[in-house]
Amino acid sequence: MGLLDKEFSEGNIVIAKVDDLFNWARLSSIWQLGFGLACCAIEMMATSASHYDFDRFGVIPRNTPRQCDAIIISGTVTLKMATRIKRLYEQMPDPKYIISMGSCANCGGPYWEHGYHVLKGIDRVIPVDVYVPGCPPRPEALLEGLLKLQEKIRSESMRKKTV
Amino acid sequence: MKNREEIFEILKTQFPDAVLGIDSSLPTEVIILIDPFKIKEVSLYLRDTEELNFDVLMLLSGVDDANGEKVKDEEGCDLIKGGTLSVYYHLDSINLKHKVTLKVSVPREKPEVESVYYVWRTSDWHEREAYDMIGIIFLNHPTFERILMPYDWEGYPLRKDYKNPEFYQGMKIAY
């Protein structure tokens with residue numbers, strides 16, 4: 001992206017566009033809300049653990065929505081929980097991103113027909129950036145989703161408003 | 001250790017009004033039928049009598065018997081009128097190693113049962129769940145409200161004639 005592929009010159013000065021610099025900073029430190037819902041959360045925890053190591057992409061779980069850049073909807077969203085998720089999302093500062101993880105968060109999953117208590121897709125309540133399919137997705141799939149989100153952030157511009 | 005018929009005989013002589021009968025038709029277990037407003041007295045007796053000593057309520061569950069008359073409402077949906085809802089009590093004695101199953105049946109239009117909260121504290125959440133899912137009302141329960149569904153939810157989801165609402169707080173429910 002023109003930021004790190006140029007070598008440092010004698011004066012230790014790098015010339016880059018503001019967009020590139022900000023995007024690079026944002027995509028390299030996506031702090032996520034420490035928030036798990038169902039069995040997908042177990043896979044998310046496995047992704048955070050040493051073997052898959054979410055931290056190498058700068059993903060750190062934070063305990064308050066006010067310090068977060070992203071929220072991973074990891075599991076079945078009940079209607080009762082959906083009202084709380086909406087409130088958490090509204091408390092996060094812009095720019096904010098959402099990864100919908102697993103079939104339940106994407107579209108209701110196995111509860112699509114008879115789940116009287118399940119929200120059939122988190123995108124009915126809050127806007128989603130990346131959908132990760134699977135039931136539950138393996139940690140590799142979640143990492144792929146994160147890389148897709150990084151790609152999205154990389155192509156953003158300060159001139160146009162973010163979501 | 002006593003079998004279920006012996007327990008029924010003891011209860012029948014002790015509470016001739018409260019014990020309504022015995023159902024031996026099921027292949028799995030014998031069920032003793034109890035009056036819904038006297039279940040607490042019977043429970044206390046079952047717990048505190050030395051020869052019975054039922055110290056554990058293993059499970060309390062609400063059941064929609066769906067034995068009423070099926071009618072159609074204005075929109076053509078099935079509704080059940082009349083019939084009963086039931087509550088089953090599975091009791092166990094750890095010391096004497098015997099078990100018993102009690103059942104109370106209440107009319108669907110006025111499903112009121114005496115709570116056994118003060119006999120077995122296990123029944124606290126079980127009774128709240130039976131209320132949440134089936135709509136059975138337990139009298140004299142100290143914190144009687146829904147346990148799983150939101151407090152402002154309408155209807156009881158596990159009733160056989162339950163129809164899901166279209167929206168909850170502006171969120172569409174159907175797929």
Side-chain angles (χ1 to χ4, degrees), chain A residues 35-41 65 71-92 96 98-129 131-136 163, chain B residues 60-66 68 70 72-80 85-86 108 111 124-137 141 143-175:
Chain A
F35 176 77
L37 286 178
C39 34
C40 282
I71 177 168
I72 299 177
I73 309 297
S74 53
T76 315
V77 184
T78 58
L79 293 162
K80 200 175 177 180
M81 200 65 193
T83 56
R84 284 126 171 104
I85 289 177
K86 189 150 189 282
R87 178 170 291 183
L88 285 171
Y89 174 75
E90 284 163 356
Q91 287 178 353
M92 285 163 61
K96 46 194 172 186
I98 294 162
I99 298 176
S100 167
M101 180 184 181
S103 297
C104 294
N106 291 344
C107 63
Y111 308 101
W112 73 275
E113 193 173 10
H114 299 296
Y116 56 87
H117 60 305
V118 175
L119 184 71
K120 313 299 186 303
I122 190 64
D123 50 6
R124 291 184 180 189
V125 179
I126 49 178
V128 174
D129 292 287
Y131 297 89
V132 180
C135 188
V163 178
Chain B
L60 182 156
S61 50
V63 175
D64 184 358
D65 298 321
K70 285 196 178 66
K72 299 266 185 200
D73 66 1
E74 311 88 64
E75 290 158 29
C77 298
D78 283 326
L79 263 180
I80 300 175
L85 304 172
S86 296
R108 194 184 186 84
D124 181 355
W125 284 13
H126 292 194
E127 286 179 351
R128 285 175 61 187
E129 191 187 351
Y131 167 65
D132 198 356
M133 294 291 139
I134 310 281
I136 295 161
I137 293 159
H141 185 289
T143 51
F144 196 60
E145 56 193 8
R146 284 185 183 271
I147 190 168
L148 297 168
M149 303 301 288
Y151 296 135
D152 57 348
W153 191 263
E154 281 173 20
Y156 305 104
L158 293 192
R159 283 203 183 179
K160 294 293 179 190
D161 59 349
Y162 177 71
K163 193 166 156 277
N164 218 6
E166 219 169 314
F167 288 92
Y168 171 70
Q169 293 196 1
M171 294 177 283
K172 191 176 160 229
I173 297 176
Y175 183 70

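Chain naming here is simple, since letters A, B, ... match the order of the sequence lines and numbering starts at 1 in each.
- Proximity to chain A among residues 164-171 of chain B is limited to Asn164(B), Tyr168(B), Gln169(B), Met171(B), judged by heavy-atom separations below 4.5 angstrom.
- Annotation: Glu113(A), atom CD; neighbour count of heavy atoms from other residues, nucleotides and ligands within 6.0 Å is above 12.
- By the 4.5 Å heavy-atom criterion applied to side chains, Val118(A) and Tyr175(B) are not counted as neighbours.
- Looking at Leu119(A), only its side chain comes within 4.5 Å of chain B, counting heavy atoms on both sides.
- A pairwise comparison of heavy atoms in Tyr116(A) and Trp153(B) identifies O-CH2, 3.6 Å as the closest pair.
- Distance CE/Met149(B) to CG/Leu79(A): 7.0 Å, rounded to 0.5 Å.
- Using modelled atom types, one side-chain atom of Lys80(A) and one backbone atom of Leu148(B) make a donor-acceptor pair closer than 3.5 Å.
- Atom OH of Tyr156(B) has more than 12 heavy atoms from other residues, nucleotides or ligands within 6.0 Å.
- Between Lys120(A) and Ile173(B), some side-chain heavy-atom pair lies under the 4.5 Å cut-off.
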